[in-house]
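Here's the structure, in structure tokens; my notes come after.
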Amino acid sequence: MSLSLVIACSLIYVSLLFLIAWRVDKRADRGASVVSNPYVYALSLAVYCTAWTFFGSVGRAASGGLIFLGVYLGPTLLAPIWYMLLHKMILICKHQRITSIADFISSRYGKSTSLGVLVTVFIVLGIVPYISIQLRAVTFGINTLTHFGQNAPANTAVPIWLDAGFWVTIAMAAFAVVFGARKLDPNERHEGLVAAIAFESIVKLLAFILVGAYVTFGIFNGFEDIFQRALANARTADLLTFQSANVTPFAWNMLMMLSLFAVMLLPRQFHISVVENTSTRHIAKAMWVFPLYLLLINIFVLPVALAGKMLFDANIHPDTFVLSLPLLKGAHWFALAAFIGGFSAATSMVVVEATALSIMFSNHIVLPLLIKMRLFGQGKDLVDGASRLLDIRRISILLMLILAYLYQKSVTNASDLVSVGLISFTAAAQLAPAVIGGLYWKRATKQGAMSGLLSGFIIWAYCLPLPGMAQAGLIPDAFVREGLFGISWLKPYELFGFNGVDSISHGAFWSLLVNTWTYAIVSINTRSSTLNLTQADLFVDIHKYIDGQERDVVRRQAKISDLRTILNRFLGELRAAALFREYETQSNTSLKDTKTAEADFINFVETHLAGAVGAASARLVIDRVTKEEPVTIEEVMRLLQQTREALEYSRLVEEKNTELKALTLRLTSANEQLKNLDRLKADFITTVTHELRTPVTSIKSLSKIILDYHSEIDETKRNEYLQILVSESERISRLINQVLDIEKIESGAGLNQLEPLDLSHTVQLAVKGMQQQFSDKAVACLMQVPEYPVLIQGDRDKIIQVIVNLLSNALKFAPDTGGQVSISLQTDASEAVLKVTDNGPGIPKEALEFIFERFTQLQSPERGKPHGSGLGLFITKMIVTQHQGSITAGSEPGKHTCFEVRLPLLENQ
Amino acid sequence: MSDDRNGKLIIIFIIALLVLNYPLISLVDKKTLIAGIPGLYLYLFLVWAGIIVAIRQIVRSKNN
């Protein structure tokens with residue numbers, strides 16, 4: 001096949017891409033989005049399938065059997081949880097206007113410039129070889145088509161302008177420059193680019209299925225035929241199982257894990273899946289359409305590899321089987337279709353990857369550098385900053401592709417397509433801890449991310465690309481064979497003595513392990529800055545922020561005129577004016593240049609600027625014109641003071657409240673007491689009048705009898721009546737005396753005179769005085785008093801009254817037959833204990849608490865209302881209390897009642 | 001995004017992780033053809049298709 005035909009076809013194909021991208025972009029400018037569609041989104045995700053898939057998978061299958069499937073099963077495995085991860089990442093990126101994976105990490109860890117630089121440098125180093133293998137695959141393809149069956153020309157001998165790879169690179173660069181940096185879009189959406197990528201995905205899928213079907217059904221008689229012949233062929237039988245193809249479970253799992261991370265974190269994947277996403281609603285469909293695409297494109301890989309192995313000898317490179325099999329059978333058009341498929345796979349990867357890398361490179365390395373050196377964003381380039389930014393972007397794209405081309409020229413034939421791709425996968429996977437941790441772990445700090453990434457990248461470089469370069473003869477290879485400085489456990493393929501696995505699994509294992517641990521341990525042991533904390537909160541709890549307002553801890557101030565200048569400079573005057581209008585309507589304020597901007601507006605400007613230049617650069621630019629008002633100590637103290645005062649106040653209120661409650665309680669009880677007293681008073685009067693009326697009535701009637709019938713009444717009768725009159729009068733005067741006593745005691749009049757008093761003598765005296773009454777009623781009185789004097793301080797008459805009261809009370813309740821009253825006096829350590837016991841009916845338990853209250857008269861069914869005023873025990877208790885003593889009553893109903901008086905001894909007073 | 005759906009998707013992920021792994025793989029990793037197709041090849045593609053169908057069912061159920 002002639003070179004010119006191949007070149008012509010390629011050019012026609014590229015022109016077709018230009019046409020598609022151009023038309024879609026034009027329609028997008030008119031506001032009609034073609035790419036906002038879940039199927040376009042899913043197809044554009046298939047940018048994952050590169051020339052490596054197209055040519056390399058077959059090559060890989062020809063030596064490792066089904067191991068190549070791990071690269072596509074990883075994304076399938078991820079798909080169910082990717083749904084959640086991607087959803088969150090897209091929300092964050094839309095909210096923060098994040099435009100690249102470096103931007104994402106830098107933003108998450110406090111908009112750190114250094115982190116952005118670190119990620120960008122390592123990702124560029126890790127991904128450029130990956131781009132270069134696409135270029136090489138295309139060159140390889142062209143050579144295969146044009147020189148099939150001849151000796152391939154020596155690559156180095158060709159001058160650059162005759163090298164097909166060079167022109168391929170130029171074509172791809174042109175496409176990327178035109179559509180990847182067409183205009184400065186704050187969202188970094190490139191609709192034309194996405195449409196072209198989706199189209200290319202269809203082309204490469206159809207091309208591969210076409211060739212696969214041709215090989216399977218055209219050259220062979222279907223799957224069964226191929227597999228049966230492969231099983232019978234010694235060169236291919238071992239490819240049918242993992243075991244015979246030497247695929248270890250470890251390698252299989254590491255490969256799935258690497259590709260699982262890569263499909264999320266490779267710059268082009270992040271760009272297509274997150275930045276170019278037009279609606280989160282597209283994710284759901286993409287989550288099964290994309291794995292389905294991967295399944296379809298892989299069905300024929302093994303059959304083609306087996307066919308190639310069976311039909312060719314070792315001279316033909318397995319990476320070219322897709323092309324050489326049709327060529328072998330003379331089916332040139334099939335070969336050309338296969339080439340176009342591979343070419344489209346390569347272009348889509350190169351264009352998107354270069355665009356994504358250029359965004360990172362210009363936003364995280366070129367711009368911060370220019371801003372720091374004050375070469376950009378200053379007075380003189382006021383006029384057209386936006387186009388300067390685009391120029392930087394375009395130059396970055398060219399730079400990436402030139403690097404890739406040079407790499408391809410210098411490191412030819414170093415290793416097959418898949419190995420280079422997997423080394424890049426491993427580099428991208430190093431971002432996983434920082435990204436996934438950043439999404440779910442607030443504690444993660446910038447230092448943690450920084451040291452994790454750094455350690456991961458160093459181990460990655462030492463274990464993967466450096467030994468590769470050594471084997472290609474670019475650097476001395478002693479460290480590969482003997483370990484660094486001759487230390488054997490530092491051998492890059494057997495780090496720490498871990499051997500028996502392939503170099504990719506080995507390098508991926510160590511770098512990710514160390515990376516994750518360093519990230520976690522350093523994060524736990526370092527503190528976050530305020531900005532890092534706010535960003536961490538925003539990333540982890542993005543749902544909270546989608547509707548709500550951001551709160552700034554650090555308040556910033558800037559002149560509105562400065563902000564306007566910045567926006568003009570970076571976004572162009574048109575867009576800047578539109579943004580100002582948008583903010584004015586949104587927040588209902590007018591933005592006069594003379595005024596100072598609110599923190600809210602500064603955030604608005606920063607977020608939109610971040611869309612154009614990345615979060616870290618936007619921060620740098622805004623910092624130029626803002627005065628940060630750091631929260632002063634006074635402010636903090638004032639805030640604290642306010643809080644403290646509020647706390648104090650609420651504590652006071654609570655205290656008052658408690659006091660009030662207690663007071664109310666006291667008042668209620670006082671009221672209750674008063675009511676009680678009132679009732680008592682009324683009772684008192686009723687009782688007293690009643691008590692007085694009974695004797696007065698009998699005095700009145702007897703006196704009347706004596707007055708009316710004094711002549712008729714005989715002597716004895718008259719004497720009897722007069723006797724009654726005297727005793728009733730005595731009863732009245734006794735009652736009056738008792739009432740007066742109470743009044744006297746209650747009014748607070750003290751005791752007459754306190755003197756040392758021998759209690760045992762007093763008891764004897766009182767008992768002697770009562771002797772007559774006891775014998776009248778035939779009640780025995782038993783007395784037990786100590787021989788020695790029991791001295792207390794007291795009022796003699798009152799104490800006698802107490803004893804007499806208790807004795808008469810006991811006498812009153814003692815039964816008529818066999819009645820017995822005992823009185824005893826004892827002393828304990830500090831008190832004299834006087835007990836008066838009777839064997840009467842006793843007092844019911846419920847009545848015990850009332851008996852010391854005035855006018856309490858116990859009624860019993862058998863005996864009715866007893867005699868007495870009900871004041872005796874009340875007076876007794878008052879007298880005892882006045883003597884600092886106490887009186888208690890105990891009773892066992894039906895058996896006995898005992899009153900116990902305790903009075904303090906003299907020596908203790 | 002309902003929690004119910006997320007739960008189901010996580011379960012699919014765990015199941016996929018188990019079936020795409022050893023020891024299940026070693027059961028089919030034999031040099032025999034099932035209906036003319038190598039056991040491992042057939043198994044991996046069937047599991048693959050199964051995962052796709054499962055995800056499709058789960059994300060569809062909510063859209064209705």
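Throughout, a chain's letter reflects where its sequence line sits, starting with A, and its residues are numbered from 1. Computed over heavy atoms, backbone and side chain alike; hydrogens, waters and symmetry mates excluded. All values reported here derive from a predicted model rather than from experimental measurement.
A distance-only check finds a donor-acceptor pair linking the side chain of B:Tyr41 to the backbone of A:Ile299 [under 3.5 Å]. Looking at B:Asp29, its side chain does come within 3.5 Å of a backbone N or O of A:Phe242 through a donor-acceptor pair.
Contacts between B:Ala54 and chain A at a heavy-atom distance below 4.5 Å are absent for every atom of the residue. Using a 4.5 Å cut-off between heavy atoms, A:Leu231 touches chain B through its side chain atoms alone. For B:Phe13, the parts lying near chain A are the backbone and the side chain together; criterion is any non-hydrogen pair under 4.5 Å. Using a 4.5 Å cut-off between heavy atoms, A:Tyr72 touches chain B through backbone and side chain atoms alike. Residue B:Ile25 touches chain A through its side chain alone, counting heavy-atom pairs closer than 4.5 Å. Contacts between A:Asp225 and chain B at a heavy-atom distance below 4.5 Å are absent for every atom of the residue.
Inter-residue side-chain proximity for B:Ile52 and A:Leu295 is flagged as met; some heavy-atom pair is nearer than 4.5 Å. Inter-residue side-chain proximity for B:Phe45 and A:Leu69 is flagged as met; some heavy-atom pair is nearer than 4.5 Å. Proximity of A:Met84 to B:Ile10: side-chain heavy atoms (C-beta onward) are separated by under 4.5 Å at one or more points. In this structure, A:Tyr83 and B:Ile58 have side chains that are not in contact, with every pair of non-hydrogen atoms separated by 4.5 Å or more. Considering only heavy atoms from C-beta on, A:Met256 comes within 4.5 Å of B:Leu20 through its side chain.
With rounding to the nearest 0.5 angstrom, the CD1 atom of B:Ile37 is 11.0 Å from the CG atom of A:Leu302. Taken to the nearest 0.5 Å, the CZ atom of B:Arg56 stands 15.0 Å off from the CE atom of A:Met287. Between the CD1 atom in A:Ile81 and the CG atom in B:Leu9 there is a gap of 10.0 Å [rounded to 0.5 Å]. Between the CG atom of A:Leu292 and the CD1 atom of B:Ile55 there is a distance of 10.5 Å, given to the nearest 0.5 Å.
Interface summary for chain B: among A:Ala230, A:Gly222, A:Pro80, the most heavy-atom pairs under 4.5 angstrom belong to A:Pro80. Interface check for chain B: of the options A:Thr280, A:Ile283, A:Asn298, the most heavy-atom pairs under 4.5 Å are formed by A:Asn298. By number of non-hydrogen pairs under 4.5 angstrom with chain B, the leading residue of A:Asp238, A:Leu78, A:Ile226, A:Val289 is A:Asp238. The greatest number of non-hydrogen atom pairs below 4.5 Å with chain A, out of B:Leu44, B:Val53, B:Val47, is found for B:Leu44. Here A:Ala237 is the residue among A:Gly70, A:Gly65, A:Ala237, A:Ala79 with the most heavy-atom pairs under 4.5 Å with chain B. Chain A forms more heavy-atom pairs under 4.5 Å with one residue of B:Val28, B:Ile11, B:Asn21, B:Ile51 than with any other, namely B:Asn21.
In this structure, B:Val59 and A:Ala284 approach most closely via the heavy-atom pair CG2-O, 3.6 Å.
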